S.K.: 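Below you'll find the structure I mean.
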Amino acid sequence: MTSFVNRRELLRRAGGGFGAIGLASALQSSRSLADGSNAALDGVHHAAKAKRVIFLFMNGAPSHVDTFDPKPELAKHEGESPSEDINGKNRAGGFMPSPFKFAAHGESGVVMSELFPNLARFADDLCVVRSMHTDVPNHEPGLLLMQSGNQQPIRPSMGSWLSYGLGSENENLPAYIALAPGLPVVGPQLWSNAFLPGEHQGIAIDTNHTDVNKLIANIRHPRLSGDAQRRQLELLRKLNAAHLEARQGEPSLETHIRSMELAYQMQGEASDAFDLSRETAGTRESYGDTEYGRSCLLGRRLLERGVRVVQVFYVKNGSKQPWDTHKNNNDSHIKLCADSDKATAALLGDLKDRGMLEDTLVIWGGEFGRTPYSQVDKSKDPKKAGRDHHHTGFSMLLAGGGVKGGLTYGATDDFGMHAIQDRVHVHDLHATILHLMGIDHTRLTFRYSGRDYRLTDVHGRVIDGWFA
Amino acid sequence: MTLRADTSHSMRSTCQTFVVALLLATRGSAAPPTNDKADFFESKIRPVLIEHCYECHSDDAGLIQGGLRLDDPKAMLRGGESGTAVMPGRPDKSLLLTAIRYDDGLEMPPDGRLDPRVVKDFEKWIKLGATDPREELPTNALPEDRQIDWESARSFWSFERPRLHDAPVQNDWGTKKLDAFVFAGLQEVGLAPNPKADRHKWIRRVTFDLTGLPPTPQQVEAFLVDERPDADRRLVERLLASPGHAEKWTRLWLDVARYAEDQAHVVGKNDSLTYPNAYLYRQWVVGAFAADMPYDEFVRLQLAADIIDPENTDSHLALGFLGLGPKYYRRNSPEVMADEWEDRVDTVSRGLLGLTVACARCHDHKFDPIPISDYYALAGVFASTEMFNRPLNDAVESKGGQAKKPNDAVHIVREGKPRDLNVMIRGDVNNLGPVVERAFLTVLSDEPVSLKKGSGRADLADAIADVYNPLTARVIVNRVWNQFFGKSLVGTPSNFGALGDRPSHPKLLDDLSVRFMQSGWSLKWLQREIALSATYHQSSDIDPNKQAIDADNRLIGRVPRRRISIESYRDALLSAAGNLDRSIGGTSIQPDQPDSNRRTLYSKVSRLDLNPMLARFDFPDPNAHNANRYETTTPLQKLFLLNSPFLVQQADSFTHRISHHGGSNRSKIEFGYQTAYGRKPTNPELELGEAYVAEGTAEVWQQYTQTLLISNEMFTVD
C-alpha cells in the first residue's frame with residue numbers, strides 16, 4: 001500500500017517546479033478573499049477524514065424502491081391508489097411493487113436489489129442512506145438544490161465551495177472538474193462559482209471526446225512543437241522579467257509569470273491525466289466502455305493526481321437525464337443500473353486497491369427518488385409503467401472518506417413514500433460532506449451582497465451517525 | 001400531531017397507541033399538585049431549554065431566531081413567527097413539541113434530535129398545563145418591541161444628503177477641486193503625491209480608461225509632439241467624443257444591470273423565456289452614453305420609460321434593465337415569483353442605491369434600517385409589473401399584445417395589475433403577515449413616499465433619480481471613480497450600508513457628487529473632472545516609504561498599476577492584429593471565435609452557458625447584479641493565451657501586418673512594439689527580438705508576435 005501512496009505523491013508532484021510557497025502564491029488569486037484571509041490555505045476547521053470527493057450523479061433520479069429501499073408492502077397493496085399524489089398532477093397509478101429481488105450482502109448484511117451484483121461485493125464499504133428528502137419534485141430546482149444548496153441558479157456549487165475552502169492538491173490541475181458527456185439538465189450552472197472568484201468554477205470536460213486534445217480546451221498549441229513553445233516561453237520570460245524589473249514591488253506581475261509557467265506544465269500533466277489509453281485494456285474493460293464508465297475511470301485518474309472535487313454526471317449523448325424513467329421504469333433500470341453498477345464498483349475497487357478509499361469520499365445518487373406508485377401512459381400497458389418524481393423520501397450511497405461502511409441509515413415508511421426515521425435533508429448532506437472534508441459548514445462563508453453566504457445557508461446539520 | 005403519510009400505517013398506529021396510553025395514564029391518576037409541576041419543570045424542562053434552546057431563543061442570543069424566545073414564560077406562550085410554541089394542555093397545538101419531534105418540517109434543535117425520553121417529558125409537561133415558574137422578563141426586551149430609531153438611523157453617513165465642501169487650503173498641486181481633498185489626505189500623514197506619469201504612459205492609461213482601447217501609434221506620436229498647454233484637455237475631449245467611449249462605459253452598466261440574453265434554465269429546446277433581442281437594450285445604453293444623457297434621466301427611463309413617455313416607444317428599450325431580468329423555472333408559482341421579485345429589488349437597490357434591500361426579504365435587515373415591511377413595500381412594485389415581450393413591429397404574430405416568439409420581440413416590462421403584497425414571514429410565501437402598501441424605503445423618506453400610481457414604477461424612478469436622494473449620485477460617482485483608479489472611494493460599490501466600507505475621502509465623494517448633480521448629472525463632465533485631475537496624472541511607481549505608511553494606497557498617493565479587463569485585452573489584441581471591426585451596435589458575437597472581430601462588448605452573454613473565454617477571465621455571473629469584478633490569475637487563463645485558436649489567429653494577423661510594414665528586422669520589431677505597447681523598444685529588447693527572428697521564417701515571427709501579445713505589458717496599464 002505504501003508504494004501506491006508514493007506513486008500518488010509522485011503523480012501529484014510530477015512537473016511541479018515550485019515549492020510550497022510558490023504554489024501558494026501562484027494559486028492564490030491576485031486579490032485576497034473577501035475577509036482578507038486566504039481560506040485555501042488555512043480554512044480547514046478540523047482534521048479532515050476525506051481529502052477529495054467524487055460525486056456520481058445519476059441525472060433524472062433513480063428509483064429508491066427498485067435499488068436500495070425494499071418495500072414488500074407494495075406487493076401486498078399493488079394497484080391500490082396512494083391516498084396522496086405527491087406531484088399533485090393527478091397522474092398517479094396504483095402502488096407498483098419492484099420486480100427486483102433484494103438480498104442482504106456482506107458481513108454487515110446491507111440490503112440491495114439484484115440490479116447491483118458488483119456493488120454488492122462492496123456492501124461492507126457502503127453507507128446506504130434511505131431517509132433523504134428534498135424540497136421539490138422538479139428536476140431543475142432539485143438539481144440546483146443538490147448541487148448548490150439553493151433552488152435558483154445564483155449560488156456557488158458545492159464543488160466551488162470546496163475549491164474555495166481547500167484549493168487543489170495538485171498545482172498543475174484544477175481543483176474542481178465536472179465530467180459530463182454533453183450537458184445535463186440545467187447545465188453549467190451546476191458547476192458554477194456564482195459569486196466566488198472565477199478560479200473556483202468547475203472545469204467542465206465533455207467526455208464524449210476520447211482524444212485528449214479535444215477533452216481540454218487549449219491544452220495544446222495547434223502548430224507549435226513542444227521545443228518551439230519552450231523557446232517561445234523563454235523569450236516571454238525575458239520580456240516579462242525586464243517589464244517587472246522596471247516595476248518593483250508589484251507581486252501581481254510575478255503571479256502572472258508563475259502562472260504562465262504552471263500552464264506550460266499543466267499541458268503535460270493534464271494530457272497524461274486525461275489519457276485513458278494509458279490504462280490497461282483490462283482496467284478499461286472493468287469500468288465498461290460507456291460514457292459513465294469512461295467518466296468514472298477518468299475520475300479515478302484525476303483523484304489520484306490530487307484533484308479535490310470530481311463531479312460525474314450520468315448523462316448520455318442524446319439524453320440529459322437518462323434516469324428519468326416516467327416510462328418503462330423497470331427495463332430502463334435494468335440497463336441503467338447495469339452500467340452504473342459496473343463502473344461504480346470498478347471505481348470503488350480501484351480506490352480500495354490504491355489505499356485511497358479511506359480518504360476519498362464517494363457519493364452516489366440523484367436529485368430525488370421515484371414514486372412507489374406507477375405512472376402509466378395512455379396505453380395503460382403495465383409493462384411500460386414508469387415512476388414519477390418523488391422528493392419526500394429517497395436513497396443515496398456514500399462510501400470511503402470517513403464514512404461508516406456496512407451501514408443502513410434512516411428509513412422511509414412502509415411504502416417508501418416519506419422518510420420517517422433519521423431524516424436527512426440535502427442541506428444535511430452538504431453539511432456532512434463539508435464536515436468530512438474538514439470544514440465547518442457554518443464557518444465557510446463568503447461576504448457578498450451585504451451578507452455572509454454559505455453552502456447550507458441557514459440550514460444543515462452534520463449527521464455524525466455516518467462517521468466511521 | 002399531523003402525520004403526512006397516510007400510507008405509513010404502522011407509524012400512525014404506534015402514535016395512536018402512545019397517545020391513548022398517555023390519556024389513560026393521566027386519567028388514572030390525580031393531577032400532581034402545582035409544586036410538583038414546578039419541580040417537574042425545573043428538573044426536566046428548564047435544563048433542556050437552557051442547554052439546547054437558549055443559544056438561539058433567548059435574550060442572550062445575538063439574534064433571536066424565528067422571533068421565538070424560550071427564556072420568558074409569556075414570550076414562550078406567545079410563540080414566534082411560526083405560531084404558538086406552547087399551548088398548555090394541548091401538545092397537539094404546541095409547535096415546540098412538533099419541532100422537537102422533528103415533525104412536519106420543523107426540526108429542533110437543528111444539530112440533533114433530543115432523546116425520545118426528553119421529548120416525552122415535554123409532552124407530559126404541556127399536557128399537565130405547562131407550568132412555568134420562571135419570572136417574567138421585562139417586556140421592553142421582547143423582539144416586537146425592537147424599534148428603529150429613524151432619526152438616528154438617518155444620521156448614518158450615507159443616508160445624510162451629500163453637500164458641497166470647501167476645498168482644503170490649496171497649494172499649487174492640481175487644478176481640480178478634487179485634487180485638494182486628495183492632497184490634504186496625503187499631507188495629513190506626511191505624504192506627498194507621486195510625480196506626474198510619463199506622457200506616453202499617461203496617454204495609454206487615459207485612452208484605455210475612457211475608451212477601453214489602446215491608443216494607435218499615430219495617436220501616441222501626435223500627443224507626444226503636442227506641446228500646447230491644453231494638450232491633455234484636447235486629448236480627453238477627443239476621447240470623450242469618440243464612439244469607443246460609450247462602448248467602454250456601457251460594459252460597466254451591463255455589469256450593474258446583470259445583462260444577459262437567456263435564462264439559466266432552458267428546458268429542452270424551449271426558448272420562450274430567452275431574450276434573443278436583448279442587444280437592443282445594450283444598443284440603447286451605448287446611445288445614451290454617447291449622447292451623455294443625464295444620469296437621472298437615464299435611471300428614470302430604465303425603470304419607467306413606458307409611463308414617462310408612452311408615445312416614444314424607442315425610449316422603451318431602456319426598460320430592458322428590468323425586462324432582461326432572470327425568469328426562473330416554474331415561474332408563476334408563488335415562491336418562484338417571489339424569487340423573481342427579489343432579483344428586481346436586488347438589482348435596483350444594490351445597483352442604483354448601493355443598498356442591500358434584498359437582505360430584508362426574510363427578516364428585518366440585520367445591519368441596516370430596512371425592516372422586512374420595506375422590502376415588501378418595494379417588491380409590490382415589481383409584483384405589479386409584468387415582463388413584456390413587445391412585438392418588434394405590427395407584422396409579427398402576437399397574443400394579448402405580446403409577441404408569440406421571443407425572436408419577434410423586444411424584452412421590456414409593462415404595467416400589471418397593481419397589488420400590495422403581504423409580508424412573507426421568514427420569506428415563506430405560505431406564511432403571510434400583514435399587507436404593506438407600496439412605498440419607498442423609509443430610511444430614505446422624510447415623509448412616507450407612496451408608490452401607488454399604477455405599479456408605482458414611475459414614482460419609484462422619481463424617488464431614486466431625485467437630487468434629494470442621498471445615495472443615487474454617490475453610488476454612480478463611486479462606480480465611475482472605480483473605473484479610473486481600479487479602486488473606489490467606497491470599497492464596496494453596491495453596499496453603502498453599515499457593513500459596507502466607509503469612504504476613504506468622504507468630503508471628496510460628497511462634493512463631487514453634488515457638483516455632478518449640479519452639472520446636469522453629466523457622466524462626461526464627471527469623467528472629464530477625474531481624467532484631468534492631478535490625482536489621475538500621478539505615476540504608478542511604488543515608493544517604498546509611502547508603501548510603509550499607506551500600503552493599500554487608500555490615500556491615492558499614486559495611480560495603481562492595473563490589469564485591463566478581458567474586454568479591453570481582447571480589443572487590444574484585435575487592434576494590434578489590425579482586425580478590430582469598429583462597427584457599433586447590433587447582434588451578439590462569440591468572442592473566442594478566431595474570426596470574431598467586433599469589440600468584446602458585443603459578446604453574447606448567456607446565463608445558461610457563459611462563453612468559456614469570458615468565464616475564465618473573471619467576467620461576472622450574469623445571473624445577478626455585479627458590484628465589482630474580481631481579478632484572478634490562473635493557469636487556465638494562460639493556456640488560452642498560449643494555445644487558443646483565437647490567440648493564434650491574432651498572432652498570425654499581427655505577423656502579416658508587421659511583414660507588410662516591411663524594412664529590416666529591427667524596423668519590423670520597432671513597429672511591433674509601437675503597435676502593441678505604444679512605445680519604442682529598448683536596445684536590449686531589440687537585440688532579444690533580432691536574435692529570436694534571425695532565422696527569418698514565418699514560424700519564428702509568429703512565435704515572436706504571439707509572445708508580444710501575451711506578455712505582461714500587453715495587459716498592464718501603468
Side-chain angles (χ1 to χ4, degrees), chain A residues 29-31 82-84 138 140-141 152-154 174 186-189 192 194-195 197-199 201 203 217-224 228-229 232 235-236 238-240 242-243 247-250 252-253 255-257 259-260 262-264 266-267 413-415 417-418 420 423 449-451 461, chain B residues 4-11 102 110-112 264-265 328-330 339 346 350 356 358-359 495 497 499 542 544 547 561 563 607-610 612 615-616 618 621 623-624 630-640 642-645 648 684-685 688 692 703 706-707 710-713 716:
Chain A
S29 71
S30 54
R31 49 163 219 106
S83 54
E84 58 171 339
N138 298 86
E140 282 79 358
Q152 302 305 354
I154 46 178
V186 177
Q189 215 58 37
S192 165
F195 48 71
E199 65 199 287
Q201 184 190 40
I203 302 303
N218 308 318
I219 194 63
R220 199 157 287 154
H221 194 286
R223 291 197 301 255
L224 284 188
Q229 199 173 47
Q232 183 189 31
L235 172 69
L236 179 62
K238 287 177 185 157
L239 296 185
N240 281 341
H243 181 256
R247 289 163 182 78
Q248 290 298 307
E250 295 280 7
S252 69
L253 294 174
T255 305
H256 281 287
I257 292 169
S259 193
M260 183 60 87
L262 289 178
Y264 180 73
M266 188 186 278
Q267 295 183 123
D413 58 44
D414 287 348
F415 293 80
M417 292 289 283
H418 294 272
I420 54 165
R423 289 157 56 80
S449 180
R451 72 173 173 101
R461 79 205 143 88
Chain B
R4 283 170 303 168
D6 290 341
T7 48
S8 61
H9 298 183
S10 62
M11 176 75 182
Y102 272 48
D111 53 354
H265 290 155
Y328 298 129
Y329 182 73
R330 288 198 311 135
D339 285 342
D346 183 56
R350 280 202 296 147
T356 57
C359 288
N495 189 356
L499 281 195
I542 295 177
Q547 192 86 337
R561 223 167 245 125
R563 172 180 172 183
R607 293 190 174 117
L608 174 71
D609 194 5
L610 186 61
R616 207 68 80 236
D618 303 315
D621 180 359
N623 280 290
Y630 299 124
E631 206 170 89
T632 65
T633 304
T634 68
L636 290 166
Q637 293 171 352
K638 301 301 183 189
L639 283 179
F640 182 85
L642 283 174
N643 300 328
S644 70
V648 172
E685 284 167 339
L688 257 181
Y692 200 89
Q703 290 169 33
Q706 187 185 8
T707 310
I710 66 177
S711 86
N712 287 354
E713 182 161 358
T716 305

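Per chain, numbering begins at 1; letters A, B, ... match sequence-line order. The model shown is predicted, which means the values in this text are computed figures rather than measured ones.
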S.K.: Output the option from A/Pro174, A/Pro222, A/Ala242 having the highest count of non-hydrogen pairs under 4.5 Å with chain B.
M.R.: A/Pro222

S.K.: Would you say A/Gln267 and B/Asn643 make side-chain contact, with heavy atoms under 4.5 Å?
M.R.: yes

S.K.: If you compare all heavy atoms of A/His221 against all heavy atoms of B/Leu642, which two are closest, and at what distance to 0.1 Å?
M.R.: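 Of all heavy-atom pairs spanning A/His221 and B/Leu642, the closest is CD2-O, 3.2 Å.
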
S.K.: So what's closer than 4.5 Å to chain A heavy atoms on B/Leu610: side chain, backbone, both or neither?
M.R.: neither

S.K.: Checking B/Arg330 against chain A: side chain, backbone, both or neither under 4.5 Å from a heavy atom?
M.R.: side chain

S.K.: Minimum heavy-atom separation for B/Tyr692 to A/Ala228, with atom names?
M.R.: OH-O, 4.2 Å

S.K.: Are any side-chain N or O atoms of A/Gln232 and backbone N or O atoms of B/Gln703, one a donor and one an acceptor, separated by less than 3.5 Å?
M.R.: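 Yes, because the side chain of A/Gln232 sits within donor-acceptor range (under 3.5 Å) of the backbone of B/Gln703.
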
S.K.: I want to check something: taking the side chain as every heavy atom from C-beta on, are B/Thr716 and A/Glu250 in contact at a cut-off of under 4.5 Å?
M.R.: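 SC-SC contact between B/Thr716 and A/Glu250 ruled out.
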
S.K.: Please determine, among A/Leu235, A/Leu253, A/Leu239, the option with the most heavy-atom pairs under 4.5 Å with chain B.
M.R.: A/Leu235

S.K.: Which atoms of A/Ile219 are under 4.5 Å from chain B, going by heavy atoms: the side chain, the backbone, both sets, or neither?
M.R.: both

S.K.: Looking only at non-hydrogen atoms, find the nearest pair between A/Ser192 and B/Asp621 and report the distance.
M.R.: OG-OD2, 4.0 Å

S.K.: What is the minimum heavy-atom distance between A/Ala263 and B/Pro635, and which atoms define it?
M.R.: CB-O, 3.4 Å

S.K.: Heavy-atom distance under 4.5 Å between the side chains of A/Gln189 and B/Arg607, does that happen here?
M.R.: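 Contact flag for A/Gln189/B/Arg607 side chains = no.
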
S.K.: Would you compute the distance between atom NZ of A/Lys238 and atom CG of B/Leu688 and round it to the nearest 0.5 angstrom?
M.R.: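 So the NZ of A/Lys238 and the CG of B/Leu688 are separated by 5.5 Å.
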
S.K.: Can you check whether A/Leu236's main-chain N or O pairs, donor with acceptor, with B/Ser711's side chain at less than 3.5 Å?
M.R.: no

S.K.: Does B/Asn623 reach the side chain of A/Gln152, with side-chain heavy atoms less than 4.5 Å apart?
M.R.: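 Counting from C-beta outward, B/Asn623 and A/Gln152 never come under 4.5 Å.
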
S.K.: Relative to chain A, which segment of B/Asp609 carries a heavy atom at a distance below 4.5 Å: side chain, backbone, both, or neither?
M.R.: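 The answer is both parts of B/Asp609.
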
S.K.: For the atom pair OH (B/Tyr328) and CD (A/Glu140), what is the distance rounded to the nearest 0.5 Å?
M.R.: 14.5 Å

S.K.: Pair A/Met266, B/Leu636 - check side chain to side chain contact (heavy atoms under 4.5 Å, CB included), show working.
M.R.: CA-CA 9 Å; A/Met266 188 186 278; B/Leu636 290 166; 4.1 Å; yes

S.K.: Does any heavy atom of chain A fall under 4.5 Å from the side chain of B/Asn495, the backbone, both, or neither of them?
M.R.: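 Answer is side chain: those atoms of B/Asn495 sit under 4.5 Å from chain A.
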
S.K.: For the pair A/Asn240 (side chain) and B/Asn712 (backbone), establish whether a donor and an acceptor sit closer than 3.5 Å, ignoring hydrogens and angles.
M.R.: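 Side chain of A/Asn240 to backbone of B/Asn712, a donor-acceptor pair under 3.5 Å: yes, one is there.
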
S.K.: Answer yes or no: is there a side-chain heavy-atom contact under 4.5 Å between B/Asp618 and A/Pro197?
M.R.: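 No; the side chains remain at least 4.5 Å from each other.
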
S.K.: As an exercise: rank A/Arg461, A/Gln248, A/Arg220, A/Gln201 by heavy-atom pairs under 4.5 Å with chain B and give me the winner.
M.R.: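 The candidate making the most pairs under 4.5 Å is A/Arg461.
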
S.K.: So which residue, B/Thr356, B/Thr707, B/Leu608, ends up with the most heavy-atom pairs under 4.5 Å with chain A?
M.R.: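 Option with the greatest count: B/Thr707.
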
S.K.: If I take atom CD from residue B/Gln637 and atom OG from residue A/Ser259, how far apart are they, to the nearest 0.5 angstrom?
M.R.: 6.5 Å

S.K.: Would B/Arg616 and A/Ile203 count as a side chain to side chain contact (heavy atoms under 4.5 Å, CB included) here? Give the steps.
M.R.: CA-CA 10 Å; B/Arg616 207 68 80 236; A/Ile203 302 303; 4.0 Å; yes

S.K.: Pick one of side chain, backbone, both or neither for A/His256, based on which atoms fall under 4.5 Å of a heavy atom in chain B.
M.R.: both

